[in-house]
Participant: 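First, the structure itself, so that you have it in front of you.
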Amino acid sequence: MVDLRQQLIDKGWKQGVILDPSCIDTPPDRCIGCLVLTQTCDCINPCFDKEPHLELLPLIAVIGKPDKNFTNGRNPREIQFTIHDGTTELWVAAKIHDIRQIDRSTHEDLEFSANLSIASSLDSIIVWRVARYARTAFPDHFVNAFKRISEKFGKRIKYESRDQLIHSLLLSLQPFQDLEDEEEEEYEIQLLLMINPSVLGNVASVTILEKLSKELTKILQSIDCFDSPVCNILSLDQMNMMERENYHEFTHYDYLSFGEV
């Protein structure tokens, strides 16, 4: 007799499969399926006491064009991405607060979506899900100060697609707390543009990045409570793990501390 684990494997249970919307009670409007976020090893665990639940992300069909504010996992509460409906690419939206849990023991009553599948987008969805808890919550005083320049900051990075040259942004912030005396205290800031080594091998790209680093430094210096901030360029292969601990992820600077958006 085939054991339960093998039955689950044979049926196709794994992270990233899409279930029919009927698997959850009162699905959101325009829900076309529910993406399984649970890791594959847990999906096929034969013990329901050890792994009792499946975590599902309801997928909502996007009407019209996708909203760039919700693509690439930039927004911590909502995301838009593509899945496949047979051979057709389809844009869907998902909200963090729509995530549901259902009993894994009901697996025999659950149906996979006939046509829907997800490919490379899955990794981005998992990163987005994890970021809900892993993303840095910056001090309110810093967030409020940065908001005054965030639009200008973003425009400089995205000007003529310069953001395509950047792997990620890292920020060193001291002190990492609200300022007790805003009139006398300041934040010491260092911003790093982390770049793939191959990009730094291109002279034209380096020239563009050097210009950008000077522009960002000037923008940061316009805030009174930022003490002599500087923006530098660094290759990914020039930072070790111990050095990385001195910096905070700043790539999604437009959604600091999850903000109000």
Participant: Is a donor on one side and an acceptor on the other found under 3.5 Å between the side chain of N202 and the backbone of S205?
Facilitator: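 Pair found, side chain donor or acceptor close to backbone of S205.
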Participant: Checking side chain to side chain contact (heavy atoms under 4.5 Å, CB included) for the pair F112/K11: CA distance, chi angles, key distance, verdict?
Facilitator: CA-CA 9 Å; F112 295 119; K11 189 171 181 180; 3.7 Å; yes
Participant: Grab the two heavy atoms, one from T40 and one from Q15, that are nearest each other, plus how far apart they are.
Facilitator: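 Between these two residues, the closest heavy atoms are OG1-N, 3.0 Å.
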Participant: Give a yes or no answer on whether the side chain of R5 reaches the backbone of C47 with a donor-acceptor pair at less than 3.5 Å.
Facilitator: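 Such a contact is absent between R5 side chain and C47 backbone.
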Participant: Hey, mind stepping through L171 and Y253 against side chain to side chain contact (heavy atoms under 4.5 Å, CB included) and telling me if it holds?
Facilitator: CA-CA 10 Å; L171 184 77; Y253 53 85; over 6 Å; no
Participant: Indicate yes or no for a side-chain donor-acceptor contact from R100 to the backbone of D98 under 3.5 Å, with no hydrogens or angles considered.
Facilitator: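 Indeed, once roles are kept as given, a pair shorter than 3.5 Å links the two residues.
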Participant: Do S235 and D237 have a side chain donor and acceptor closer than 3.5 Å?
Facilitator: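 Note: S235 and D237 side chains meet the donor-acceptor criterion.
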Participant: Quick check: are there more than 12 heavy atoms from other residues, nucleotides or ligands sitting under 6.0 Å from NZ of K152?
Facilitator: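 At most 12 heavy atoms, drawn from other residues, nucleotides or ligands, come within 6.0 Å of this atom.
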Participant: Just checking, any donor-acceptor pair under 3.5 angstrom between side chains of S22 and D20?
Facilitator: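 A pair is found: one side chain offers a donor N or O, the other an acceptor, under 3.5 Å apart.
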Participant: Are the side chain of E185 and the backbone of D181 linked by a donor-acceptor contact shorter than 3.5 Å?
Facilitator: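 Yes, the answer is positive, given that a donor and an acceptor are paired below the 3.5 Å cut-off.
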Participant: Looking at residues at least two apart in the chain, or sitting in another chain, which of them share a side chain to side chain donor-acceptor pair (under 3.5 Å) with N232?
Facilitator: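 Side chain to side chain donor-acceptor pair (under 3.5 Å) check on N232 returns nothing, list empty.
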Participant: Check whether any side-chain N or O of Q101 sits under 3.5 Å from a backbone N or O of L54 as a donor-acceptor pair, and report yes or no.
Facilitator: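 It does not hold such a pair.
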Participant: Could you see if L234 belongs to whatever hydrophobic cluster contains I157? Use Ile, Leu, Val, Met, Phe, Trp, Tyr and a side-chain cutoff under 4.5 Å.
Facilitator: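 L234 and I157: separate clusters.
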Participant: I'd like to know whether K155 forms a salt bridge (Lys or Arg N to Asp or Glu O under 4.0 Å) with E151, so could you lay out the CA-CA distance, the side-chain angles of the two residues, the decisive distance to 0.1 Å, and finally the verdict.
Facilitator: CA-CA 6 Å; K155 285 182 177 179; E151 184 176 356; 3.4 Å; yes
Participant: Please report the closest heavy-atom contact between L191 and L216, naming both atoms and the distance.
Facilitator: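 Closest approach of L191 to L216, heavy atoms only: CD2-CD1, 4.1 Å.
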Participant: I'd like to know if the side chain of S168 reaches the main chain of M194, judged simply by a donor and an acceptor atom lying under 3.5 Å from each other, with no hydrogens or angles considered.
Facilitator: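 Answer holds: no.
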Participant: With a 4.0 Å cut-off on N to O distance, would you call E55 and R129 a salt bridge?
Facilitator: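 Looking at E55 and R129, the cut-off is met.
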Participant: Taking all non-hydrogen atoms of both residues into account, name the closest pair between E188 and D227 and its distance.
Facilitator: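 Shortest heavy-atom contact: CG-OD2, 3.9 Å.
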Participant: Centroid separation under 6.0 Å, is that true for the rings of Y187 and H141?
Facilitator: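 No; Y187 has its ring centre 6.0 Å or more from that of H141.
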Participant: Please report the closest heavy-atom contact between L56 and V36, naming both atoms and the distance.
Facilitator: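 Scanning both residues, the minimum pair turns out to be CD2-CG2, 3.6 Å.
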Participant: So which heavy atom on T217 is nearest to which on C231, and how close?
Facilitator: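 Smallest interatomic distance, heavy atoms only, reads OG1-N, 2.9 Å.
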Participant: Please check if the number of heavy atoms outside N240 that lie under 6.0 Å from its CG is greater than 12.
Facilitator: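 Result for CG/N240: enclosed.
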Participant: Please assess L19 against E111 for the test side chain to side chain contact (heavy atoms under 4.5 Å, CB included), listing each intermediate value before the final yes or no.
Facilitator: CA-CA 6 Å; L19 303 182; E111 296 294 333; over 6 Å; no
Participant: Kindly say whether E78 contributes a backbone atom to a donor-acceptor pair with the side chain of N75 at under 3.5 angstrom?
Facilitator: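 Yes; at least one donor-acceptor contact below 3.5 Å.
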Participant: Using a 3.5 Å distance criterion without hydrogens, assess whether the side chain of S172 forms a donor-acceptor pair with backbone atoms of I189.
Facilitator: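 Side chain of S172 to backbone of I189, a donor-acceptor pair under 3.5 Å: no, none is there.
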Participant: Under 4.5 Å between side-chain heavy atoms, counting indirect links through other Ile/Leu/Val/Met/Phe/Trp/Tyr residues: same cluster for L173 and M239 or not?
Facilitator: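 No, separate clusters.
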Participant: When you group the ILVMFWY residues by side-chain heavy-atom contacts below 4.5 Å and let the links chain together, are L200 and L192 in the same group?
Facilitator: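 Not linked; separate clusters.
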Participant: Measure from the side-chain N and O atoms of D178 to the backbone N and O of D140, and report whether any donor-acceptor pair falls under 3.5 Å.
Facilitator: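 Looks like yes, one N/O pair under 3.5 Å.
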Participant: State which residues pass salt bridge (Lys or Arg N to Asp or Glu O under 4.0 Å) with E215; sequence neighbours excluded, sorted by chain then number.
Facilitator: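 R156, R162.
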Participant: In terms of ring plane angle, is the pair F142 and F146 parallel, tilted or perpendicular, where the classes change at 30° and 60°?
Facilitator: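 F142 and F146: parallel rings.
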Participant: Please evaluate residues L110 and I102 with respect to the criterion side chain to side chain contact (heavy atoms under 4.5 Å, CB included), reporting the C-alpha separation (whole Å), side-chain torsions for both, the decisive distance (0.1 Å), and the verdict.
Facilitator: CA-CA 10 Å; L110 303 175; I102 61 173; 3.7 Å; yes
Participant: Between the side chains of Q7 and D3, is a donor N or O closer than 3.5 angstrom to an acceptor N or O?
Facilitator: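 Side chains of Q7 and D3: no pair found under 3.5 Å.
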Participant: Can you confirm whether more than 12 heavy atoms, excluding those of E243, are under 6.0 Å from its CD atom?
Facilitator: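 Yes.
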Participant: Does V92 sit in a hydrophobic cluster with other residues, and if so which ones, taking ILVMFWY side chains as linked at heavy-atom separations under 4.5 Å, directly or through other members?
Facilitator: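 Under the 4.5 Å side-chain rule, V92 groups with I18, I32, L35, L37, L57, L59, I79, F81, I83, L90, I96, I99, L116, I118, L122, I125, I126, W128, V130.
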Participant: Any idea how F48 and H107 line up, ring-wise: parallel (<30°), tilted (30 to 60°), or perpendicular (>60°)?
Facilitator: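 The rings of F48 and H107 sit tilted, inter-plane angle from 30° to 60°.
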